[in-house]
Novice: 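This is the structure I have questions about; it appears just below.
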Amino acid sequence: MTNYQMIPGKGQWEVATLERADQGLAPLLTALQRPNQVRPAGTFCSDLVELPPQFVLVDKDGQAIWPALPVTGCGLVQRELLGALAALPWQKVSVRLVAKV
């Protein structure tokens with residue numbers, strides 16, 4: 001997750017926070033298995049641009065897996081996946097300074 005934070009004695013910085021969730025993953029795994037939706041003919045899609053969530057799964061051997069994210073017929077990440085990610089019990093691992101604002 002990237003956001004902004006006031007660092008005492010250093011000013012305001014863009015920071016990247018590394019978080020981890022290792023419980024309650026079943027809804028996320030189910031959401032990742034959903035098929036991409038097809039846009040029905042005649043359906044209008046807005047010009048909305050969405051940055052997809054950035055996360056990685058780690059298997060039992062410690063190998064990183066970058067999952068394909070199921071999308072709507074308009075190419076946006078499906079709400080079920082976003083909801084499953086938001087519901088996870090995230091724990092902060094580290095915070096890294098990216099750039100001074």
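We count residues from 1, following the sequence as given.
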Novice: Could you go through residues 89-101 and list every donor-acceptor pair under 3.5 Å that involves a side-chain atom there, pairing it with any protein atom two or more places apart or in another chain?
Specialist:
from : atom 1 : to  : atom 2 : distance (Å)
W90  : NE1    : L85 : O      : 2.8
K100 : NZ     : K10 : O      : 2.6

Novice: To the nearest 0.5 Å, what is the distance between CD1 (I65) and CD (Q63)?
Specialist: 8.5 Å
Novice: Can you confirm whether Q5 sits close enough to W13 that some side-chain heavy atom of one is under 4.5 Å from a side-chain heavy atom of the other?
Specialist: no
Novice: Tell me if the CG atom of L51 is crowded by more than 12 foreign heavy atoms within 6.0 Å.
Specialist: no
Novice: Given 3.5 Å as the limit, does a donor-acceptor pair link the side chain of D59 with the main chain of D61, or not?
Specialist: yes
Novice: Taking the side chain as every heavy atom from C-beta outward, state whether P53 and V77 have any pair of such atoms under 4.5 Å apart.
Specialist: yes
Novice: What is the distance from atom CG of L69 to atom CZ of F55, rounded to the nearest 0.5 Å?
Specialist: 5.0 Å
Novice: Hydrophobic cluster mates of V49, side-chain heavy atoms under 4.5 angstrom, ILVMFWY only, any path?
Specialist: none
Novice: Got L88 and P27 here, is their nearest side-chain heavy-atom distance under 4.5 Å?
Specialist: no
Novice: Donor-acceptor pairs under 3.5 angstrom involving side-chain atoms of residues 28-43: please list them, not counting sequence neighbours.
Specialist:
from : atom 1 : to  : atom 2 : distance (Å)
T30  : OG1    : A26 : O      : 3.1
R34  : NE     : Q78 : OE1    : 2.7
N36  : OD1    : V71 : N      : 2.9
T43  : OG1    : P40 : O      : 2.8

